[in-house]
Protein chains: 2
Amino acid sequence: MTVSRKPAPPHAEHAPLQLEHFLPYRLSILSNTISQTIADDYQRRYDISMTEWRVMAVLARFHGLSAREVAERTAMDKVAVSRALARLVDAGRVDRATHDNDKRRSVLSLTEAGWTMHDEVAPMARAREREVLARLDAEEQAWLNRILDKLQP
Amino acid sequence: MTVSRKPAPPHAEHAPLQLEHFLPYRLSILSNTISQTIADDYQRRYDISMTEWRVMAVLARFHGLSAREVAERTAMDKVAVSRALARLVDAGRVDRATHDNDKRRSVLSLTEAGWTMHDEVAPMARAREREVLARLDAEEQAWLNRILDKLQP
DNA sequence: TCGTTATAGTTACATTTGAAACTAATTGCA
DNA sequence: TGCAATTAGTTTCAAATGTAACTATAACGA
């Protein structure tokens with residue numbers, strides 16, 4: 001059973017965070033909102049998760065990657081990539097071959113069906129990005145780019 | 001059994017996303033990195049999740065909130081808040097009373113122990129924020145604030 | 001005032017995610 | 001060589017999360 005405790009009276013010395021001005025919090029809300037908006041687009045139409053789409057986007061850009069390389073490029077961990085690939089291969093969107101000189105490695109690429117889907121989703125994603133950026137003027141957009149470059153880990 | 005499909009040869013007309021210049025992707029990586037760095041700080045020291053810490057931060061700032069109000073302020077859904085509160089009350093960090101005029105509502109506040117923890121974690125979080133912002137000069141910081149204000153949903 | 005509808009919060013179940021252990025293949029070096 | 005250490009990827013099990021259904025209380029309108 002959980003015991004009810006007395007609340008402690010708040011005092012001025014506590015200095016709580018003001019979340020509405022706290023950078024990590026604001027970034028988190030903004031990022032989640034934007035990513036979810038894009039995800040809604042393709043999740044409604046295709047049965048695919050955000051992680052799967054990210055894997056596809058990377059495979060569209062770079063050809064013949066291994067699973068580990070996909071993990072590096074998506075900043076996802078290898079277990080997540082392994083699972084996403086299992087579903088994508090199963091759904092016929094990704095082809096998985098074995099590397100000639102290293103039988104541990106997979107050699108990944110989009111299938112016809114994968115490319116077809118990619119070619120529908122990518123423009124939608126770009127359109128959403130434009131919608132967000134449209135709320136900024138050209139000068140602000142330039143600063144945002146510069147700031148993200150400097151903050152990028 | 002999963003069937004291996006032939007890869008489709010990539011063609012120029014596909015126009016893949018360049019993730020490294022794609023705003024939603026960059027924001028997501030940045031936000032996750034920052035939030036995780038802060039979370040590492042308090043998860044090592046206290047046994048508390050990111051959602052629990054967010055609830056505590058809101059309760060430090062606003063007194064006597066109900067669970068629903070916490071959900072609104074944290075942009076979390078009510079089930080997540082309910083679960084976080086269950087753990088926090090159990091751990092003696094949050095006090096939960098019942099509203100005088102509405103027995104459905106809880107009236108939430110930090111306990112002594114909750115405040116003690118808050119007063120150690122909040123400065124660490126602020127320090128991490130400062131570390132991030134230190135990579136920007138004053139002008140860039142001002143633009144970042146302005147940009148986030150405009151993008152905030 | 002009684003019955004319908006709405007709200008606060010919790011519980012149950014299914015799905016997702018993460019960490020660690022595992023298999024298989026490769027590398028490196030004694 | 002041949003054996004220990006590394007690497008690629010998967011599986012397993014536990015914890016976290018989301019959705020829907022549920023309980024209890026309150027509000028509202030005929």
Side-chain angles (χ1 to χ4, degrees), chain A residues 1-2 4 28-29 32-33 35-36 39-40 42-44 47-55 58-59 62 64-91 94-109, chain B residues 1-2 4 28 32-33 35-36 39-40 42-44 46-55 58-59 62 64-91 94-109:
Chain A
M1 191 46 215
T2 67
S4 177
S28 167
I29 303 273
N32 290 342
T33 306
S35 290
Q36 196 52 57
D40 287 345
Y42 54 73
Q43 281 170 348
R44 207 163 5 89
D47 178 35
I48 197 171
S49 70
M50 200 142 70
T51 63
E52 287 166 63
W53 167 246
R54 279 204 178 165
V55 168
V58 168
L59 291 180
F62 303 99
L65 293 185
S66 69
R68 187 186 56 74
E69 290 167 324
V70 170
E72 272 172 17
R73 298 220 173 248
T74 53
M76 293 162 54
D77 83 276
K78 64 176 184 170
V79 177
V81 170
S82 171
R83 289 198 262 239
L85 284 171
R87 286 186 297 254
L88 288 169
V89 170
D90 215 54
V94 166
D95 175 82
R96 171 160 46 191
T98 300
H99 193 279
D100 282 342
N101 304 326
D102 185 345
K103 281 183 236 162
R104 294 171 305 178
R105 288 206 222 169
S106 44
V107 177
L108 302 162
S109 50
Chain B
M1 189 48 214
T2 67
S4 177
S28 167
N32 290 342
T33 306
S35 289
Q36 197 51 58
D40 288 345
Y42 55 71
Q43 281 170 349
R44 206 162 8 90
Y46 310 94
D47 178 35
I48 198 170
S49 70
M50 201 140 69
T51 64
E52 287 167 63
W53 167 244
R54 279 204 177 166
V55 169
V58 168
L59 291 179
F62 303 99
L65 293 185
S66 69
R68 187 186 56 72
E69 290 167 325
V70 170
E72 273 172 15
R73 299 220 173 249
T74 52
M76 292 162 56
D77 85 277
K78 63 176 184 167
V79 177
V81 170
S82 172
R83 288 198 263 240
L85 284 171
R87 285 186 298 254
L88 288 169
V89 170
D90 215 54
V94 165
D95 176 82
R96 171 158 49 189
T98 300
H99 192 278
D100 281 342
N101 304 327
D102 185 346
K103 281 183 237 165
R104 293 171 304 181
R105 286 205 225 170
S106 46
V107 177
L108 302 162
S109 50

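Worth knowing before you read on, the calculation uses all heavy atoms, side chains too, and leaves out hydrogens, waters and symmetry mates. In this text, all values refer to a predicted model and were calculated from it rather than measured experimentally.
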| field | Polar side chain donor-acceptor pair, B/Arg54 to A/Ser28, under 3.5 angstrom | value | yes

For atom [atom1] of [X] and atom [atom2] of [N], their distance in whole Å:
X	N	atom1	atom2	value
B/Arg105	C/dA6	CZ	P	18 Å
A/Arg68	D/dT10	CZ	C1'	16 Å
A/His99	C/dT27	NE2	P	10 Å
B/Gln43	D/dA15	CD	C1'	13 Å
A/Glu72	D/dG9	CD	C1'	14 Å
B/Asp40	C/dG18	CG	C1'	14 Å
B/Gln36	D/dA16	CD	P	13 Å
B/Glu52	D/dA16	CD	P	8 Å

| query | Are A/Trp53 and A/Gln43 side-chain neighbours, meaning at least one heavy-atom pair lies under 4.5 Å? | reply |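 No, too far: nothing below the 4.5 Å cut-off.
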
| Residue pair B/Arg105 / B/Thr98, side-chain heavy-atom distance below 4.5 Å |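 Answer no - side chains too far apart.
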
| Which part of the nucleic acid does B/Lys78 contact within heavy-atom distance under 4.0 Å: base, sugar-phosphate only, or nothing? | base

| request: Using the closest heavy atom to pick a nucleotide of DNA chain D for each, name whichever of A/Leu85 or B/Asp100 lands nearer the 5' end. | output: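 Nearest nucleotide further toward 5': that of A/Leu85.
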
With the criterion being N/O to N/O and under 3.5 Å, what pairs connect the protein with nucleotides 17-19 of chain D, and how long is each?
from, atom 1, to, atom 2, distance (Å)
D/dG18, N7, B/Arg83, NH2, 2.6
D/dG18, O6, B/Arg83, NH1, 3.0
D/dG18, O6, B/Arg83, NH2, 3.3

From the set [options], return the single nucleotide nearest to any side-chain atom of [X].
X	options	answer
B/Ser82	D/dA8, C/dT10, C/dG9	C/dT10
A/Arg104	D/dT10, C/dG9, C/dA25	C/dA25
A/Ala67	C/dG9, D/dG9, D/dT25	D/dG9

| task | State which residue, out of A/Thr51, A/Val55, A/Ile48, fulfils the side-chain contact (heavy atoms from CB on, under 4.5 Å) condition with A/Arg87. | result |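 The option that passes is A/Thr51.
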
| said: Restricting to non-hydrogen atoms, name the atom on A/Ala67 and the atom on A/Leu108 that form the minimum distance, rounded to 0.1 Å. | reply: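 In terms of heavy atoms, the two residues are closest at N-CD1, 3.7 Å.
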
| task | Check for a donor-acceptor pair, side chain of B/Ser82 on one end and backbone N or O of B/Lys78 on the other, with a separation under 3.5 Å. | result |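 No, because the side chain of B/Ser82 does not come within donor-acceptor range (under 3.5 Å) of the backbone of B/Lys78.
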
| Expected output: side-chain B/Glu69 to main-chain B/Ser66 donor-acceptor under 3.5 Å | yes

